S.K.: 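Got a structure for you, written out below as structure tokens; questions coming shortly.
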Amino acid sequence: MQEISACPQRTQRETAPAYRRWRRFKRNRRGYWSLLLFGLLFILSLGAELLSNDVPVLIYYQGDYYFPMVRDYPETTFGGDFETEADYKDPYILQRITTDGNRAFFPFNRHSFNTINLSIDGPVPSAPTSENLLGTDDRGRDVFARLLYGFRLSVLFGFALTFVGTFVGIVSGAIQGFFGGRTDLFFQRFIEVWSAMPELYLLIIFASIFKPSVLLLLILLSLFSWMGLSDYVRAEFLKGRNMEYVKAARALGVSDVTIMVRHLLPNGMTPVITFLPFRMSASILALTSLDFLGLGVPPATPSLGELLAQGKSNIDAWWLSLSTFTVLVGTLVLLIFIGEALREAFDPRKI
């Protein structure tokens with residue numbers, strides 16, 4: 001009796017639309033493994049401070065435990081002479097926290113994104129060594145650390161810009177498609193005018209007026225990133241607004257917002273979900289391009305575009321261009337593979 005009762009539950013689960021789409025997504029091995037790899041890299045980048053930093057993760061000194069990543073300790077805490085923050089690259093402090101039974105646990109890479117290696121014998125950028133695995137940039141900063149922190153910034157910026165653009169695109173497209181008529185006509189004329197605005201010139205103007213920041217870039221790019229998606233959502237709502245179940249809901253007195261959110265939006269989410277990885281890759285590429293042109297984040301911020309600009313200025317420093325190009329292209333390729341798998345999974349023509 002237990003086996004007979006469990007069979008319908010399993011059949012119902014396997015016939016659910018979400019389960020069938022996930023199963024089709026997993027059948028695309030390239031997209032599935034790309035999702036796993038991208039997720040792993042992103043999770044590792046979230047803990048960049050634990051992988052690449054110039055301060056120890058944990059210090060055991062004279063019977064007490066210290067956490068320099070969480071709290072700043074003066075040099076006198078470890079037997080130094082000054083009340084200023086301890087410099088864990090100083091040979092004297094390093095000797096104090098690693099001898100006489102004391103222990104210091106450093107990250108895998110002992111450099112942060114803004115750490116300047118003052119012990120380099122020769123000009124910078126310097127070639128890869130055992131101390132700097134991917135070499136240094138033109139200021140003596142570790143390239144591996146800047147790539148790790150820059151990758152995290154690019155992905156988080158891509159997530160933020162994709163979320164804002166998707167949200168605004170869904171709202172604007174839903175309003176156009178559901179109400180139609182003059183509302184749709186007004187929005188279409190507004191989109192035509194707004195899309196004709198010179199985006200790059202506006203970025204140059206605002207970059208010269210305001211102090212460059214990630215938030216400013218997010219706001220400026222969000223002003224233009226929603227228009228492409230709104231057309232797809234508008235088409236889905238235009239198609240669904242005349243369906244019988246929508247007319248029945250209106251006849252029962254259901255509010256317009258409830259009809260849009262509960263009945264029409266789930267059916268119009270297919271183009272939204274399938275375009276998310278492509279929109280995210282476009283967001284990462286936009287940030288990289290602006291940083292390459294000097295219109296992006298502040299100079300001290302780790303950025304893939306800034307490293308590419310350094311590689312362009314230092315042609316002989318092959319490690320700058322090669323490592324940054326590999327990270328950027330690898331990220332975009334993974335996102336494209338994920339997008340292709342999502343598009344196949346949500347294709348209504350496939351079983």
Side-chain angles (χ1 to χ4, degrees), residues 34-35 38-39 41-43 45-46 48 113 146-174 190-191 194-207 209-234 265 268-269 271-299 301-309 324 327-340 342-343:
S34 297
L35 176 63
F38 179 79
L41 294 176
F42 177 61
I43 293 174
S45 69
L46 291 178
F113 67 91
R146 293 190 68 81
L147 282 176
L148 180 62
Y149 285 83
F151 172 78
R152 181 177 65 179
L153 175 64
S154 299
V155 175
L156 290 177
F157 182 85
F159 276 128
L161 183 57
T162 301
F163 174 79
V164 175
T166 302
F167 178 78
V168 178
I170 290 175
V171 173
S172 61
F190 172 77
I191 291 176
W194 191 248
S195 60
M197 298 288 287
E199 182 179 355
L200 182 59
Y201 289 158
L202 290 177
L203 289 172
I204 294 174
I205 293 172
F206 282 108
I209 297 176
F210 301 100
K211 182 180 179 180
S213 65
V214 178
L215 181 60
L216 177 62
L217 280 178
L218 179 61
I219 294 174
L220 293 177
L221 292 177
S222 298
L223 296 176
F224 300 92
S225 63
W226 58 272
M227 290 181 289
L229 184 63
S230 65
D231 294 335
Y232 294 98
V233 180
R234 169 180 172 268
L265 183 59
M269 287 299 291
V272 175
I273 296 176
T274 53
F275 275 100
L276 282 180
F278 300 103
R279 293 180 61 84
M280 186 172 174
S281 62
S283 302
I284 294 176
L285 190 59
L287 177 64
T288 305
S289 302
L290 292 174
D291 290 337
F292 180 80
L293 297 175
L295 303 174
V297 296
T301 307
S303 168
L304 300 180
E306 187 258 349
L307 283 174
L308 286 177
T324 309
V327 171
L328 179 60
V329 173
T331 303
L332 298 180
V333 168
L334 291 178
L335 290 173
I336 291 173
F337 287 164
I338 295 172
E340 290 178 349
L342 281 175
R343 187 168 55 189

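Computed from a prediction, not measured in an experiment: that's the story for all the values here.
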S.K.: Using every non-hydrogen atom in the two residues, find where Leu221 and Ala286 come nearest and quote the distance to one decimal.
M.R.: CD1-CB, 4.3 Å
S.K.: Less than 4.5 Å apart, any side-chain heavy atom of Leu265 and any of Ile170?
M.R.: yes
S.K.: Between the side chain of Arg146 and the main-chain N/O of Thr301, is any donor-acceptor distance below 3.5 Å?
M.R.: yes
S.K.: Between Pro277 and Ile338, what is the shortest heavy-atom contact and its length?
M.R.: CG-CG2, 4.0 Å
S.K.: As an exercise, state the distance from CZ of Phe157 to CD1 of Ile284, rounded to the nearest 0.5 Å.
M.R.: 10.0 Å
S.K.: Donor-acceptor pair, Asp291 side chain versus Leu304 backbone, under 3.5 Å?
M.R.: no
S.K.: Got a second to check how far Ser303's OG is from Phe113's CZ, nearest 0.5 Å?
M.R.: 12.0 Å
S.K.: Determine whether a donor-acceptor pair (N or O, by modelled atom type, separation under 3.5 Å) exists between the side chain of Thr274 and the backbone of Pro271.
M.R.: yes
S.K.: Residues two or more places apart in sequence or in another chain: which of them pass ring pair (Phe, Tyr, Trp, His ring centres under 6.0 Å) with Tyr232?
M.R.: Phe275
S.K.: Kindly compute the distance separating CG (Leu148) from CZ (Phe151), expressed to the nearest 0.5 Å.
M.R.: 9.0 Å
S.K.: Has Phe42 got more than 12 heavy atoms of other residues, nucleotides or ligands less than 6.0 Å from its CZ?
M.R.: yes
S.K.: Test your reading of the model: is there a side-chain donor-acceptor pair from Ser230 to the backbone of Met227, 3.5 Å cut-off?
M.R.: yes
S.K.: In the structure I gave you, are the side-chain heavy atoms of Leu202 and Leu223 within less than 4.5 Å of one another anywhere?
M.R.: no
S.K.: Distance from Leu217 atom CG to Ser283 atom OG, nearest 0.5 Å?
M.R.: 12.0 Å
S.K.: Considering only heavy atoms from C-beta outward, does the side chain of Ile191 approach that of Trp226 to under 4.5 Å?
M.R.: yes
S.K.: I would like to know whether Leu328 and Leu308 meet side chain to side chain contact (heavy atoms under 4.5 Å, CB included); could you show each step before the answer?
M.R.: CA-CA 10 Å; Leu328 179 60; Leu308 286 177; 3.9 Å; yes
S.K.: Please give me the minimum heavy-atom distance between Val164 and Ser222, naming the atom from each residue.
M.R.: CG1-OG, 3.5 Å
S.K.: Does a side-chain heavy-atom distance below 4.5 Å link Phe278 with Ile336?
M.R.: yes
S.K.: If you take all heavy atoms of Pro212 and Pro298, which pair is closest and at what distance?
M.R.: O-CG, 3.1 Å
S.K.: Is there a side-chain contact between Leu307 and Val327, using heavy atoms and a 4.5 Å cut-off?
M.R.: no
S.K.: Hey, does Leu287 have a side-chain heavy atom less than 4.5 Å from the side chain of Leu161?
M.R.: no
S.K.: Could you state the interatomic distance from CG (Asp231) to OG (Ser172), rounded to the nearest 0.5 Å?
M.R.: 8.5 Å
S.K.: Distance from Ile273 atom CD1 to Thr166 atom OG1, nearest 0.5 Å?
M.R.: 10.5 Å
S.K.: Arg279 side chain to Gly228 main-chain N or O, any donor-acceptor pair under 3.5 Å?
M.R.: no
S.K.: Taking the six-membered ring for Trp and the full ring for Phe, Tyr or His, determine whether the centres of Phe224 and Trp194 are under 6.0 Å apart.
M.R.: yes
S.K.: For the residue pair Ser154 and Thr331, establish whether any side-chain heavy-atom pair is separated by less than 4.5 Å.
M.R.: no
S.K.: Could you walk me through whether Leu216 and Lys211 satisfy the side chain to side chain contact (heavy atoms under 4.5 Å, CB included) test, starting with their C-alpha distance in whole Å, then the side-chain angles of each, then the deciding distance to 0.1 Å, before giving a yes or no?
M.R.: CA-CA 8 Å; Leu216 177 62; Lys211 182 180 179 180; over 6 Å; no
S.K.: Side chains of Leu215 and Ile219: does their closest heavy-atom pair fall under 4.5 Å?
M.R.: yes
S.K.: Counting only heavy atoms not in Phe159, do more than 12 fall under 6.0 Å of its CZ?
M.R.: yes
